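None of these values were measured; they are calculated from a predicted model. Naming: A, B, ... by sequence-line order, numbering from 1 per chain.
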There are 4 protein chains.
Amino acid sequence: MTGRRAVPAEKRSRHPTEVRRRQVVRAALELISEQGIAGVSARDIARHAGVSPGTITYHFSGVREIIAEAIALEIDEYYTPLMAELRTLGPREALSRLVEALFTPETERHWRMWFEYWLAGLHDDDFVDRQAGRYATWQGQIRDIIVAGQDAGVFTSGDAAEVAVRFVALTDGLALQWLRGVPPLTGEQARDHLRRFAADELGA
Amino acid sequence: MTGRRAVPAEKRSRHPTEVRRRQVVRAALELISEQGIAGVSARDIARHAGVSPGTITYHFSGVREIIAEAIALEIDEYYTPLMAELRTLGPREALSRLVEALFTPETERHWRMWFEYWLAGLHDDDFVDRQAGRYATWQGQIRDIIVAGQDAGVFTSGDAAEVAVRFVALTDGLALQWLRGVPPLTGEQARDHLRRFAADELGA
Amino acid sequence: MTGRRAVPAEKRSRHPTEVRRRQVVRAALELISEQGIAGVSARDIARHAGVSPGTITYHFSGVREIIAEAIALEIDEYYTPLMAELRTLGPREALSRLVEALFTPETERHWRMWFEYWLAGLHDDDFVDRQAGRYATWQGQIRDIIVAGQDAGVFTSGDAAEVAVRFVALTDGLALQWLRGVPPLTGEQARDHLRRFAADELGA
Amino acid sequence: MTGRRAVPAEKRSRHPTEVRRRQVVRAALELISEQGIAGVSARDIARHAGVSPGTITYHFSGVREIIAEAIALEIDEYYTPLMAELRTLGPREALSRLVEALFTPETERHWRMWFEYWLAGLHDDDFVDRQAGRYATWQGQIRDIIVAGQDAGVFTSGDAAEVAVRFVALTDGLALQWLRGVPPLTGEQARDHLRRFAADELGA
DNA sequence: TATGAATGAGAGTTCATTCAT
DNA sequence: AATGAATGAACTCTCATTCAT
């Protein structure tokens, strides 16, 4: 009796594939953000999702697929509403709102997952392509805000794409320091650094 | 009392512990930079170093110790000579030389290791303290260069520690983009971004 | 994330956990009685039970658990029916029947296991508690027979608990000589020694 | 650095084989009585003896030989002086002195070793012959005391060899209870049981 | 669709023994 | 005589995956 059984939430319920997939991916997401990609096993995911190991491999080609989907889910849930909101705002307000949305306690999980994902991509080609697309999107949306601001005359002119590269790089780098917490960098300090950067580079 | 016996080996070389340890750590370093921390096993390291598994655990308390030493070795080999060189230069030249030393092909392995290390620290307390020390050192040395430059009147005045935080963050973030290569960011472009940052923030 | 894959097995039978556990414990029991606790490995047990090593750790928390269960099984299979039988007899017949049941060829394995168990308890606290309980039960049941006999006037009066201590000690000590076989002590001789003891101490 | 080095008591001292053997056997004896035969490794013995593992196998054919010698040493150190003393006494005093020498705190180690030895002999033919000899000697010496007492008219007549068998068995069995301590049996209680036995069987 | 028992390769580690020094 | 680095088989345990039910 090794206690490896799944919690029999509701014995042998049948669901369409999509429902089961979401259930499993959601469980994986929680585990990855707590323990990292290297720290979760297929069994863990199954148990946490309340299904059997067999169900996992029935619906997925392997753990790798689950992890990829979990990260995709996480990223989509973070960016999709944020970006939708930003599109309703003017450039200045959009930039300001974006900075406020970064480094908040609720986004910590997101950043952990992002770096897990990024690093997995270093050694695992399966992840690289998806990663590239997401990164390009993220950077592109920031560039668009900058361009809009420059067109509207509220941001200093300059190469918007290049400023976006620096903005994203600075954000990532600040997240690394904020997440690790040593030397301590609070979310508010991290946001101040970004505001300072925006003021210098865009006059915002 | 388990009646084990050794079968004649084919060849066998003897070395003092320190020599073997270096050999093994060097082998581990190569594997980690290629496959990541999660991708190397004690057996892999032994095979790559040309020794038996027993030799590994004879000289080390476990794989973890080897990995920690490999990363320490990598970081020391990168920073120690660079920092020694920078100390011989004036602030303006030091900053310029530092930027030139970043994002070069030879340093790619270093950056991979650095991020592996960072990630390991997220979920593994053994790594956190060492990491914190190294991070503080690195950031502190950059701050010192900035302070020296401000004292010499060659850099714009401002909060040196804060500028150092941003400089380090930007460097890490650019390294992430440079390493991934998608969207493409060359080493020279990455350096240009840093130079632009230095010009804006320090008037350098 | 280690990319393991299973290769098609040749045959595979499915059983409920309890069935497999019994099968494995039974296999362990045979091995322990032949080779001793120190001489059996998880692999041995798996092979002997006709299952894979993974099956062993799927159903048990570790070898220790298997060994503990094997010994418990052995002891229960020996004592439970014997004690049930004795309870149906009068004191004089019970004592007589008990002596006849000792040192028979079928009980050799039992005694080997008992001493394995006992000795394991010297260095392994996990075993001590269970051992203590079993020993107390065994001694207590003998004492109860003596008390019943004294109450019925068929045994000489005296401190029943103390006689039980000596009876059990003599039994254990005779078993040690009988099992080892050097100097030779047959089962019948051992039983005669016990009968002689009973006659002296209880007038039985 | 695994801390497996021997304490370099006095670097590379040279001794005749016999001196080194004794040193190693003595170290083994201490370890076995603390941790049991199964719990000591060749390395442990080497470290505890302050010599290198190589020295161990230079002087001995293997760990098994060391263990056998350690037990022989223990038994000799216990019995030789005791038996020498008993030979100087009359039968009644000899028996009385023998009982007093049993189950004392100083003899606990001896009994542990004795049972370790006994168990090892069950599965290991190397031990059986030596064991048999020692057991025969021990039992024979007790028989001789009884015979002497019967000849002198101080002990009841009867089959001395058989009484010796029972005496030794009872002693072993009491030692098992005394060593385990559950249910509690003090040394003095154990000796009382033996005295009671001697009174019943020998009129002593 | 779902289960969960079963698999076996491979993980880190231990250890008696060998052998170059 | 003595060392201690080196060996490699065997240890327990983990785990992604398979497959009979």
Side-chain angles (χ1 to χ4, degrees), chain A residues 2 4-6 8 11-17 20 41-46 51-59 61-64, chain B residues 1-17 19-20 41-44 46 51-64, chain C residues 1-17 19-20 41-44 46 51-64, chain D residues 4-6 8 11-17 19-20 41-46 51-59 61-64:
Chain A
T2 43
R4 297 208 179 118
R5 302 286 187 298
K11 292 208 71 174
R12 238 189 150 83
S13 55
R14 287 171 82 98
H15 293 291
T17 286
R20 270 282 185 264
S41 69
R43 266 208 144 73
D44 289 338
I45 295 171
V51 300
S52 71
T55 300
I56 290 256
T57 41
Y58 180 83
H59 290 290
S61 63
V63 250
R64 299 274 296 275
Chain B
M1 290 298 285
T2 30
R4 286 146 189 187
R5 74 246 100 90
V7 170
E10 42 190 5
K11 218 185 299 181
R12 188 184 261 209
S13 61
R14 276 176 75 92
H15 298 289
T17 282
V19 173
R20 268 282 186 265
S41 71
R43 279 183 152 75
D44 288 340
V51 300
S52 69
T55 298
I56 290 276
T57 42
Y58 180 79
H59 293 290
F60 296 88
S61 63
V63 250
R64 298 279 298 271
Chain C
M1 289 300 283
T2 30
R4 286 148 189 183
R5 75 244 100 93
V7 171
E10 41 191 5
K11 220 184 301 181
R12 186 184 260 208
S13 61
R14 275 176 75 91
H15 298 289
T17 282
V19 172
R20 269 281 186 264
S41 69
R43 276 183 153 75
D44 289 339
V51 300
S52 70
T55 298
I56 292 276
T57 43
Y58 179 79
H59 293 288
F60 296 88
S61 64
V63 249
R64 297 280 297 272
Chain D
R4 298 205 181 124
R5 304 283 188 294
K11 292 207 68 171
R12 238 190 149 83
S13 55
R14 286 172 82 97
H15 294 291
T17 285
V19 173
R20 271 282 186 262
S41 69
R43 267 208 143 76
D44 288 339
I45 296 172
V51 302
S52 71
T55 300
I56 291 252
T57 41
Y58 181 83
H59 291 290
S61 63
V63 249
R64 301 272 297 274

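With rounding to whole Å, B:Tyr58 atom OH is found 16 Å from F:dG8 atom C1'. Look at CZ on B:Phe60: it is 18 Å from P on E:dA11, rounded to the nearest Å. Regarding B:Arg64, its CZ atom lies at a distance of 17 Å from the P atom of E:dA11, rounded to whole Å. The CZ atom of C:Arg14 sits 7 Å away from the P atom of E:dA5 (whole-angstrom rounding).
Residues C:His15 and D:Gly62 each lie close to DNA chain E; by heavy-atom proximity, the contact nearer the 5' end of the strand is made by C:His15. Looking at which nucleotide of DNA chain F each of A:Ser61 and D:Thr57 is closest to, the 5′-most match is held by D:Thr57. Position along DNA chain E of the nearest nucleotide to C:Ile56 versus B:Val63 favours C:Ile56 as the more 5'-ward residue. The nearest heavy atom of DNA chain F to C:Ala42 and to B:Val51 marks one nucleotide each, and the one closer to the 5' end goes with B:Val51.
OP1 or OP2 of F:dT3 has at least one side-chain nitrogen or oxygen of D:Ser52 nearer than 4.0 Å. OP1 or OP2 of F:dT3 has at least one side-chain nitrogen or oxygen of D:Thr55 nearer than 4.0 Å. Remark: C:His59 is in phosphate contact with E:dA6, judged by side-chain N or O atoms under 4.0 Å from OP1 or OP2. The side chain of D:Arg20 contributes an N or O atom lying less than 4.0 Å from OP1 or OP2 of F:dA2.
Contact of C:Arg12 with E:dA6 (side chain to base): a donor-acceptor pair of N or O atoms is detected under 3.5 Å.
As judged by a 4.0 angstrom heavy-atom cut-off over every strand, B:Arg43 is placed among the base-contacting residues. Within 4.0 Å of B:Ser41, counting heavy atoms only, lie sugar-phosphate atoms of the nucleic acid but no base atom. Among the heavy atoms of the strands lying under 4.0 Å from A:Gly54 is at least one base atom, whether or not backbone atoms are also near.
B:Ser41 and B:Val63 get closest at one heavy-atom pair: C-CG1, 4.4 Å. Smallest separation of non-hydrogen atoms from A:Ala42 and A:Ile56: O-CD1, 4.1 Å.
Between its two ends, the helix from E:dA2-F:dT21 to E:dT21-F:dA2 turns its axis by 10°, counting five pairs per end and rounding to 10 degrees.
Every residue meeting the salt bridge (charged side-chain N to carboxylate O under 4.0 Å, His left out) condition with B:Arg64, not counting sequence neighbours, appears here in chain and number order: B:Asp124, B:Asp126.
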query = Step by step, would you call C:Arg12 with C:Ser52 a side chain to side chain donor-acceptor pair (under 3.5 Å)?
reply = CA-CA 10 Å; C:Arg12 186 184 260 208; C:Ser52 70; over 6 Å; no

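Here the NE2-CZ distance, from A:His59 to A:Arg20, works out to 6.0 Å after rounding to the nearest 0.5 Å.
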